[in-house]
Each structure stands twice: as C-alpha cells, then as structure tokens.
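This report refers to the structure that appears directly beneath it.
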Amino acid sequence: MLPSADFESSKRHAARPSLPMAAIANGADRGDCVDQWFRPIPLSPLHSTRCHMIRTRFAPSPTGYLHIGGVRTALFNWILARQTGGQFILRIDDTDAGRNVEAALQPILEGFRWLGMDWDEGPEVGGPHGPYFQSQRSEMYADAISRLLESGHAYRDFAKPDELQTLREAARESGQAFVYDRRWMANDEADVEKYQAEGREGVVRLKMPRDGQCVINDLIRGEVVVEWASEQDHVIARADGSPLYHLASVVDDHAFGITHVVRAAEHLPNTPRQVFIAQSLGYELPTYAHLPYVAEPGGTAKLSKRKLDKYLKNRDFANLMTRGKAIAERCALTTDDDTFNPVLVDFYREIGFLPDALLNYLMLLGWSLDGEQEKFTREEMIKLFTLDRVNKAPASFDPAKLTAFQADAFNALPQDVKVGMVKPFAVAAGWVESGNDESEQKLADVIAGAGDRLKMAGDIIDFDYCFVDDYEINPKAYQKRIVKPGNAIELLGKLREHLSGADEFSADAVEKSVKGFCEDQSIGLGEIIHALRVATTGAAGGFGMFETLAVIGKERVLQRIEKTIANAS
RNA sequence: GGUCCCUUCGUCUAGUGGUCUAGGACACUGCCCUUUCACGGCGGCAACACGGGUUCGAACCCCGUAGGGAUCACCA
C-alpha cells in the first residue's frame, strides 16, 4: 500500500470530478424539478481508507438481539476506525417509536462489550455530537425536512396508502417500473387546505429526479450506476412530521461527521435516495462500502434469525444447536428461546465461546489477507484488514469452521484462563462449589485432563461423571464392553479387590496398580481398560483413563465398579 | 415483474494474461501414533456456471446466456 500516493490521488479526485460527467450533463438539462443542486461529489478511490482519519458508525435498531451478520459489519467499521486512530460511533436507530428502547438496547450493548468492540461515541459514553438516539434528534430532522421542502427537493403529498398501492400493483402487472405521477402532490397552501378538507393526511416525499443517473462509487463494488427515473418519491416524514429512516440516517451521518458508511449490501438499493437527500441538503457525501451479506449455511440467501427450522436441516448447524441446548440444559442457563440461536451472538456467549474466535471467523467471511493466513490476533485484525480485500459475493456461514476456530483458540489458552472460563458452567451445573479449594482443584484437574477435548467452556458438561454419580451410561458401550465380553464382570471384581488395597490414588499410582493387576492376571491392558472405563464413567471414551480414575477418587471408583457388577448380575 | 448486485472444491477463500497438471483452511476420508476418545503426522477426495470472442496463450479481458441473491413500505 502506498499511502502518500493514495492520498494524492484522492485529493486530485476531490478537486476535479472525473467520474460523474453523465450526471452533471443530465443535471444541466433537467430543467424541471430542481436547479443546480445536483452535482455528485466523487468518492475517494480505493485504498484511501489508510491515510485519513476515519469516523465510522454502526446503527442498530433496538431489537434486543445482535445478529451475527450485524456483528461482522460492526467489526469492519470498528477496525477501520481503530486502524486509523479514528472513531467508531454507535447510533441507535429508534425512529420507529413504541418499543422499550432501554430494555432492548442492553443486550446489544452487552454484546458489544463481550466482543470487546468499544465505541467512542454513543449510548452511555455520550460524545460531542449527541444525542445518539434518533428519537431524541427530532429537531434536526424537522429542520432538514423543511429545508428540503423549501428548496423544492421534497413536497407534501396527500395520497392515501391504498390509492398508491393500487397504482403500484397496476404498474407491476404491466411490467413497468412504478412512477408516481404526483397527482396528490400539494403545489401550494391552497392544495394543502383542499386535501385536508377531504380528510387526507399529508406526508413529505422526496421529489426525485426523473432523468439522468446516480453514480455511486463504492469502495467494494466499484462504480454503480442507477437511473434516477427508477427511484421512487420516497416518504421522508409521516403525517405527524416524524422522520423516516433514510432521512434520519443521512442527517445523522452528516451531523456525526461519518466519513465512511460501511454497511451490508442490502442497503445498496437504498443508496441513491440517500445520495439525493445528502446532496439536496448540501452535504459532502461519505465514502460508501457495501459489504456482501452473510448467507445461510450451505446456501446463498441472506442469513436470517427467523429461519431456524430451515438451518436445523444443515448437519453442522444442527450440531452446534444441539451442543448449545445440552449446555444450556445441564448448566441451567436461563436462555431466551428467542435469542438462543446460533444466528445471534448471545448464543455463543452463553455456551462459552471466545469473542476473539468469533470475531476472527467472522472477519474471514468475505475477507482474506492472502488466502494463507487465517488466524489473527485482535492486533493483527486491526493492522491487516483492508476494505479492498473484501469480496463482492455473499459468504455463507459455516458453523463447523467457526467451531474449529473456537476450539483452536480455546486450546491455546493458558490453563488458569481456561479454568476461569469453565468455572461458571461447572458451578451452574452444581458440580463445583465456588471458593471451596478442594472442589476448585478438582475442576482444574478435570480441565487439565480433558485437554483439547474441551472446545468451549460449556463442554465441561461432557465430564459430569468426574463430579457426580448420576451420569448416564452409554448403552452401546455398556453392551460392548461389559455385557459382550464374558469375563468383564469377573475381571472387574478382581480389579476392585486389587484397587481397594491401594494407598495412593494418583494417576501414576493407579496406572502402576492396574498394570500390575494385568500382569498378575496375565492379560493385556486392553482387556480390562474398556470395561473399567464404562464401569466408572459410563462413557465410551474420555481423557486418559488413569487421570480419570484419579480425579474420580478411590472411594467412588470402587463404588462404581461394585454397582456395575451388581447391576450386571 | 422493475431496478441493482453476484458466480473458483460441500463451505470460506488464493488467484489481476504464461510460474495453474488451480494453492490454503474447515468439513469429509485413508494410514500412522495410541489402552479409549481426541490431538498430532503423512496422504486422499473435491472447483474455475455455460457459450462465444480478443490473444501465440484466459480462472483472469470483452460480449452474451444461465443460475443465484438483494431490494422495490407512511420498517430499519
């Protein structure tokens, strides 16, 4: 990357617009609706993100949950700000009043905190451009709306929704793009009074150009050209004067000094109208970058929180969900059915994922450094990410790969950090008593023994038999190792005798003892060890047998063998 | 249906005209290691959507076709 050259070229572009000649020409002979306001301002060329102070934003609406796709968008925004010493702003899009914003906002902020994505301005931290809730910025929007009205870029319209709907359907049936003929547009105060006398309510619409084209220079997509005529006269204010999303968004982006609007590609079709609003208001345009959306597992459609049933048909997705449910159930997690879903970040936090692993995986959805390196520390993410290496095509969410990333990251953790993460789960399951040294030591032993069999903190549930006696017995393993070999019970009985005489019950001591037993009996270790495992853990597999026995403890081991023998006969 | 976007292994991707008999990762899979289950090591399977150009030469450039997707609200 050549920062200085990039900087030069972006300055050159700013001084001498080269791209949108068509738009300028068309603007000149447009004649009717608007005067010379419309002159697209060229955007910075690629790479320019490295050399300017960047202000980005993520604008969630308070829905109560954080979508994985949204997190990726936020991540890119956050990185862009961090790598340039710029600011990352959180703005709350709550123009659609009526819900409990505060309650629905908390889970989102918590999600950000958990992920370690801090915001420089926004809820709770404030900032110089506040307030950061759209519901509290009405005056600014009202001002913008009246300016738009005055300059003729917007008009009052008295169409009824169903009247417009009829028109739209007719256009659609004839295969034409719907173009509103503005038949209920108020040209003057007299019109307004007349319509109001008819009992009509007036909204404010954008008076979109009917010819020429809008050129969007997108950092990821390149040049996107849209005919103005294909744009609607979008409503920007309701009858009660309250603003709609596009208006509010553009006004705020400008007021906040947002330099880069980085958002999901589904916003691309919205961009022309936002460009229109911004330019009508005389704003300098931000640089746009439209990210490919995150697609569903094994598919190409946009990942949606609402299609759980469909995703559950995907093996890997179903596995993750099953794992999550098992952890939630065993650890008595109070999960909300509505948010306990692998499409939402809450899920991962609840079952003991590492935020860095999630972020690392998400960053690779649509972005790559060189096709070789895939693992990045947070510092590397900030250092190495560039928008010009973001792909254009949607990337499908792969739960198996995410889990693999999580497993690797989790196993790279130092033992004490692992223990710290796992402990809450073990405590919640009722297996470990917090503050009790013996109990905590046992947990540490189990975690050390389990090693990389623990992929996430919640995986501790697989080792319930280390802590309690009411574990499940795997029927297949029982059949194979206890029932089928005719001598298993007999051997187990003898082994129990042998073990009962042991003074020490450390892993090493037990190993010696069991191996000595095998020698005495002239059998291979393999002939007893499987039966021993099933008898003492009920499981077909697990970590080292002798570590397992040591952790369970002499008394319990003997009891369990005894019980197995009793049940078998 | 209109508008816009996209198209390399099952998935994420590398690739910017010759180094591509297309590289890496996840998944799947074979072997080795091993008392089990994992880890690990060494292998394997597997892709340039299609058709035309341009060129000595195309995954890469151009044009079409097909397919997929997003979006078309007084939601955000």
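Letters A, B, ... are given to chains in the order of the sequence lines, protein chains preceding strands, and every chain is numbered from 1.
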Hey, is the side chain of [X] pairing donor to acceptor with the base of [N] inside 3.5 Å?
{"X": "A/Arg221", "N": "B/C5", "answer": "no"}
{"X": "A/His234", "N": "B/A73", "answer": "no"}
{"X": "A/Glu374", "N": "B/G24", "answer": "yes"}

Sub-4.5 Å side-chain heavy-atom contact between [X] and [Y]:
{"X": "A/Leu495", "Y": "A/Leu532", "value": "yes"}
{"X": "A/Thr564", "Y": "A/Thr536", "value": "no"}
{"X": "A/Thr386", "Y": "A/Trp367", "value": "yes"}
{"X": "A/Asn474", "Y": "A/Arg481", "value": "no"}

Answer yes or no: are there more than 12 heavy-atom neighbours, outside A/Gln415 itself, under 6.0 Å from its atom CD? yes

Report the distance from atom CZ of A/Arg315 to atom P of B/C26, rounded to the nearest whole Å. 15 Å

Looking only at side-chain atoms of [X], point me to the closest of [options].
{"X": "A/Arg205", "options": "B/C26, B/A76, B/C74", "value": "B/C74"}
{"X": "A/Glu372", "options": "B/G1, B/G24, B/C75", "value": "B/G24"}
{"X": "A/Thr300", "options": "B/C26, B/G68, B/A76", "value": "B/G68"}
{"X": "A/Val224", "options": "B/G69, B/U36, B/C4", "value": "B/C4"}
{"X": "A/Leu244", "options": "B/C5, B/A14, B/C75", "value": "B/C75"}

Give a yes/no on whether any side-chain N or O of [X] is located under 4.0 angstrom from OP1 or OP2 of [N].
{"X": "A/Arg238", "N": "B/C75", "result": "yes"}
{"X": "A/Asn314", "N": "B/U11", "result": "no"}
{"X": "A/Lys160", "N": "B/C74", "result": "no"}
{"X": "A/Ser230", "N": "B/G2", "result": "no"}
{"X": "A/Arg168", "N": "B/A73", "result": "yes"}
{"X": "A/Lys392", "N": "B/C6", "result": "yes"}
{"X": "A/Ser396", "N": "B/U11", "result": "no"}

Could you pick out which residue, A/Met545 or A/Asp316, lies toward the 5' side of RNA chain B when each is mapped onto its nearest nucleotide? A/Asp316

Between protein and nucleotides 45-50 of chain B, map the contacts as a letter string: B base, S sugar-phosphate only, - none, heavy atoms under 4.0 Å, written 5' to 3'. ------

Which residues satisfy the side chain to side chain donor-acceptor pair (under 3.5 Å) test with A/Asn314, sequence neighbours excluded? none

Could you check, using the six-membered ring where one of them is a Trp, whether A/Phe112 and A/Phe58 have ring centers closer than 6.0 angstrom? yes

With syn defined as a glycosidic angle within 90° of 0 and anti as the rest, where does B/C45 land? anti

